[in-house]
Each structure stands twice: as C-alpha cells, then as structure tokens.
Engineer: 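Mind having a look at this structure? Questions to follow.
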Amino acid sequence: MTNSDNKLPNTFENIYAVVDSIPFGLVMTYSQVALYSGVTNPRVVGYALSRLNTNDRNTPWQRVVNSRGKISDRSQEQMKSQRDLLESEGVCFGRNGRIDLNVYGV
DNA sequence: AATGTGACCGCGA
DNA sequence: TTCGCGGCCACAT
C-alpha cells in the first residue's frame with residue numbers, strides 16, 4: 001500500500017456515488033449532490049453528468065434537477081427523456097414543468 | 001502551464 | 001413572477 005493509494009477517489013466517482021444513492025421516485029438538486037459529494041461548485045455536478053452520456057452506468061441521472069425544481073437546459077431530446085423517466089417513477093410535474101421539491105426532494 | 005467551458009445558483013431589475 | 005449577469009471550481013485541451 002503506497003501513499004499515493006490514500007488519495008481520495010476523483011470527484012466524478014464521488015458524484016456518481018451520490019447520484020446512485022438517490023432513491024427511486026425522488027430527486028436531488030445539483031447543489032445537494034455537490035454538497036454530499038464534497039464538491040464546492042454545483043456546476044461541476046452538471047459537468048460530471050454530461051460526461052456520463054459516454055460512460056454507460058446504471059446511474060439514475062434523471063433524478064437530478066436544478067434548485068427551482070426544473071429540468072436543466074439541454075437538447076430537447078434529452079430533456080424529454082428525463083421527464084419521461086421521472087414520470088415513470090411517479091414524479092409529478094406542475095403546471096410550469098416544475099417538480100415540488102418539498103414533496104419529491106430528499 | 002494556461003485558457004476555455006459548463007445539465008448551476010443567487011441576486012437585482 | 002420571470003430574465004439576465006457574474007461568480008464559482010474542477011475537468012478538458
């Protein structure tokens with residue numbers, strides 16, 4: 001066991017681990033994921049998730065939304081699939097496409 | 001080593 | 001209430 005083996009796992013691994021822990025049917029904001037994974041800036045979480053597209057994992061990326069309870073801007077295609085996936089988990093979207101974080105938040 | 005970039009967030013208008 | 005702008009930090013090049 002060398003000293004270099006003591007270093008913490010890289011940021012992405014931490015982020016993915018937290019996202020993996022989000023329960024079925026619930027959502028977390030980027031800020032929350034950042035907080036729980038030890039990252040200071042929530043933007044990094046979005047960055048990590050965007051890189052997830054290329055790595056196939058069973059990570060429930062759809063359960064991460066922004067602080068307003070809305071799906072973050074991206075291609076229409078991706079946004080629609082995220083919404084579909086969440087609705088299939090029983091998450092209800094309000095009138096302006098918002099999720100009530102007091103109900104579905106962790 | 002330096003610069004660019006982003007699935008964010010909070011605040012002021 | 002919605003919209004625009006700046007600040008933030010870690011990954012990519």
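Letters A, B, ... are given to chains in the order of the sequence lines, protein chains preceding strands, and every chain is numbered from 1.
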Engineer: A/R51 has an atom CZ; how far is it from atom P of C/dA10, in whole Å?
Structural biologist: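 It works out to 17 Å between those atoms.
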Engineer: Going only through I, L, V, M, F, W and Y residues with side-chain contacts under 4.5 Å, is there a path from A/L86 to A/W61?
Structural biologist: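 Hydrophobic grouping puts A/L86 apart from A/W61.
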Engineer: Measure the distance from CG on A/D73 to C1' on C/dC3 and round it to the nearest whole Å.
Structural biologist: 12 Å
Engineer: Contact boundaries of DNA chain B with chain A (under 4.0 Å, heavy atoms), 5' to 3'?
Structural biologist: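 The contact span of chain A on DNA chain B goes from B/dG6 to B/dG10.
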Engineer: Picking from C/dA12, C/dG4, C/dT2, which would you name as closest to the side chain of A/R68?
Structural biologist: C/dG4
Engineer: Check every strand shown and say whether A/R63 touches a base, only sugar-phosphate, or nothing at a heavy-atom separation below 4.0 Å.
Structural biologist: nothing
Engineer: Tell me if a side-chain donor or acceptor on A/Q62 pairs with a main-chain N or O of A/Q82 at a distance below 3.5 Å.
Structural biologist: no
Engineer: Side chain of A/T40 only, heavy atoms from C-beta on: which candidate in C/dC9, C/dT2, C/dC11 is closest?
Structural biologist: C/dC9
Engineer: Could you tell me which non-hydrogen atom of A/N96 sits nearest to which non-hydrogen atom of A/K70, and how far apart they are?
Structural biologist: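 In this case the closest contact between A/N96 and A/K70 is O-CD, 4.0 Å.
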Engineer: Is the terminal nitrogen or CZ of A/R51 (NZ for Lys, CZ for Arg) located under 6.0 angstrom from the six-membered ring centre of A/F12 and within 45° of that ring's axis?
Structural biologist: no
Engineer: Can you check the A/N14 CG to C/dC11 P distance for me, whole Å?
Structural biologist: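 Between P of C/dC11 and CG of A/N14: 10 Å.
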Engineer: Going by side chain to side chain contact (heavy atoms under 4.5 Å, CB included), A/T29 matches just one of A/L101, A/N66, A/L35, A/V45. Which one?
Structural biologist: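 Only one of A/L101, A/N66, A/L35, A/V45 forms a side chain to side chain contact (heavy atoms under 4.5 Å, CB included) with A/T29, namely A/L101.
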Engineer: What is the distance from CG of A/L49 to C1' of C/dA12, rounded to the nearest Å?
Structural biologist: 17 Å
Engineer: What is the distance, to the nearest angstrom, from the CG atom on A/N10 to the P atom on C/dC11?
Structural biologist: 7 Å
Engineer: In this structure, how many angstroms lie between the C1' atom of C/dC11 and the CZ atom of A/F12, rounded?
Structural biologist: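 In whole Å, C/dC11 C1' lies 5 Å from A/F12 CZ.
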Engineer: For A/A48, is there any backbone N or O sitting under 3.5 Å from a side-chain donor or acceptor partner on A/Y16?
Structural biologist: yes
